[in-house]
Number of protein chains: 2
Amino acid sequence: MARLEDVAREAGVSASTVSRALSRPGMVAPATLERVRAAADGLGFRVNPAARALITGRTGFFAMLVPDLENPFYAASIAAAQDLAAQRERRLLIAVTDGSAQREQAAVHDLEEQVDGFILLSPVAGTTELKDLHRRKPVVVINRKVPGLTSFTVDTPGGLARIYDRLVELGHTDVAYLAGPPGSWMDRRRRATLAEHAGAPGLRVHIRGPVPPSFTEGARATADLLATGCTAILAYNSLLALGVMFELGRCGVRVPHDISVAAADDMAFAGLPGEPITAVHAPAPDLGRHAVAALIEMAGDASGRRPAGRTLPTTVRLTATLAAPRSAGQAGPVTAGGERTGRRDDPAGQAVDPR
Amino acid sequence: MARLEDVAREAGVSASTVSRALSRPGMVAPATLERVRAAADGLGFRVNPAARALITGRTGFFAMLVPDLENPFYAASIAAAQDLAAQRERRLLIAVTDGSAQREQAAVHDLEEQVDGFILLSPVAGTTELKDLHRRKPVVVINRKVPGLTSFTVDTPGGLARIYDRLVELGHTDVAYLAGPPGSWMDRRRRATLAEHAGAPGLRVHIRGPVPPSFTEGARATADLLATGCTAILAYNSLLALGVMFELGRCGVRVPHDISVAAADDMAFAGLPGEPITAVHAPAPDLGRHAVAALIEMAGDASGRRPAGRTLPTTVRLTATLAAPRSAGQAGPVTAGGERTGRRDDPAGQAVDPR
DNA sequence: CTGAAAGCGCTAACAG
DNA sequence: CTGTTAGCGCTTTCAG
């Protein structure tokens, strides 16, 4: 393996010049730069990351902790994050936590020495632990707001409210909500949104779950949801909704004729045949990219300045998978609505309070 | 951050002794060992991985390249691999390739300096490139046999053959196969298995696809599959099969009354309500563990000896999602069968020819 | 069994 | 703009 000094000899300069040419091209004369580059290419030189890390104290790795790889929302965030990281010459270390506080903590502990920062997706650790970690390494949080940390979230509650309003408008009186991951910050927010609306006249909200947000659990919970006597089902996320719809199909219950279905993010719905499913669209790839960009900024800036987080706007697609309940006498699907932006009374994409 | 020397001072020994105590406890007197450990714990000492890597040339990282995170087969392999790696004090660097040769190559190139070896899941690179890579770093392949490399595969073709036989037995004459990832070694093997059976009297096999093995693609391909006039559908994997069943349910086609469905691995089926789905069960977590174990063995052994690969046996569960075709006059589901082991004429778990 | 000494390959002052 | 110098924190001979 060629070393810096080999390149230096080949290019007729010193090792420091090669180092500078390769990592800070602006600090070197253009002619020298070219000679160094030619020599490096010729020898197939690649820096030894360990040697660099030893002296700089930075490894070029970020740890990204996710509850679950199969969840398309997370998978999309990861993929986008990894792309941006690769562009900026950083690498992402993915660790799966299964949504368990213990595994999350273990992963943080294991990785702490090896990374320049953490991206935490839907972390379950306490606020105190998270802030504590941030004192040691830069931390960015996705899908949860943690005061004092840079957080990127999506305005799903705003979108959910839109769907909820639509259901009321259509005449539904019994809506079931299938709750997501136990202990999840996002699920609490979604439930809170529903609770706010439960005051509407003659409206009942039946909460079932919580369950891990997977296709299988959606299918398994379906019988329970139907047993509530509801005419519409809202699911914590699209994976659960898909599982519900799968089971409904298997049991011969038709959507939307017999029941309306909607979900809080549409990651699993893209490209499905038939009528598009009513859902709140969340820009998962953007979350991943924002997090990486913020982490790079923090890790580069020794001053401890912390970039502001954001709540990204969601988009609601109201479609014919929502219809009036059969009992309301308005048979047949409703005409598909257009796209609308998330929460109405709250400017989308507003910055998180950077306390 | 405490350094080796701090621990040494605290324990009243030299830095070399601390180093030995921590990485080769057998080389140190028990009393010393204990004192060193106490001191290290007390100071919260953690080795600097960069410094260690600089001198040993080993980073403790393995790269694991996967086509897709959402695929439950891969997700299960990854999770199990990561668990074993963590136990053995190794870390796994997951990189997503999307099944693209270009991204795969880029990932290998990017990671080569940073890892002690590669685990390649369903790689698409040519045999020559793979062997070439193996000359530089230890390589273990999952889900594809590459002559000259340690490969771990599952005997899915054997299981598929069982399902196929069963379909013939039930009187099916038109079977559709939904092919998996374009260019995939596994898909070629599965098709070959079907081709061998297509000779059966009066039997037609309709191949559709290839498509990326996702739920969505399964749903989208369903109309095409039905258009073949088949009475049974086999899918490359369970994600596709699930998508097919979803769409069948949506369109009011009943399984198995109207059509039989089976898949080549059952990762996505576990725990689903209703009749268990006929599928070939593949031990995905074992693949991940085997790969990590083999890689650790290779990376530790400088002699260049290469552990043997294996083909893990599959299990077929024949259930009532397979029934006689309606045209055969045998209405109603068939009694569920028991579990049977994969390929019959081939001892399961046989070693790969270690050429 | 333990200590002293010599770097691993690179970057970051510091002069020039 | 470039070369010289001095390590980063650890492991590993080599003696004792």
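Quick note on labels: first sequence line is chain A, next is B, and so on, each numbered from 1. All of these numbers come straight from a predicted model, not from anything done at the bench.
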Item to check | Trace of the side-chain contact (heavy atoms from CB on, under 4.5 Å) decision for A:T311 with A:F152 | outcome: CA-CA 6 Å; A:T311 296; A:F152 294 99; over 6 Å; no
Item to check | Evaluation steps, side chain to side chain donor-acceptor pair (under 3.5 Å), between B:T97 and B:S100 | outcome: CA-CA 6 Å; B:T97 66; B:S100 130; over 6 Å; no
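Within a 6.0 Å radius of CD in A:E129, more than 12 heavy atoms belonging to other residues, nucleotides or ligands are found. Atom CD of B:E113 sits in a crowded spot, with more than 12 heavy atoms from other residues, nucleotides or ligands closer than 6.0 Å.
Classification of B:R136 and B:E112 as a salt-bridged pair holds, one side-chain N sitting under 4.0 Å from a carboxylate O.
Counting 5' to 3', DNA chain D first comes under 4.0 angstrom of a heavy atom of chain A and last does so at the ends given by D:dC1 to D:dG9.
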Next on the checklist: At under 4.0 Å between heavy atoms, how does the protein contact nucleotides 6-16 of chain C? Give one character per nucleotide, 5' to 3', with B, S or -.
Outcome noted: -BBBBBBB---
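A:T59 and A:D116 share a side-chain donor-acceptor pair at under 3.5 Å.
In this structure a side-chain-to-backbone donor-acceptor pair under 3.5 Å is present from B:T150 to B:P307.
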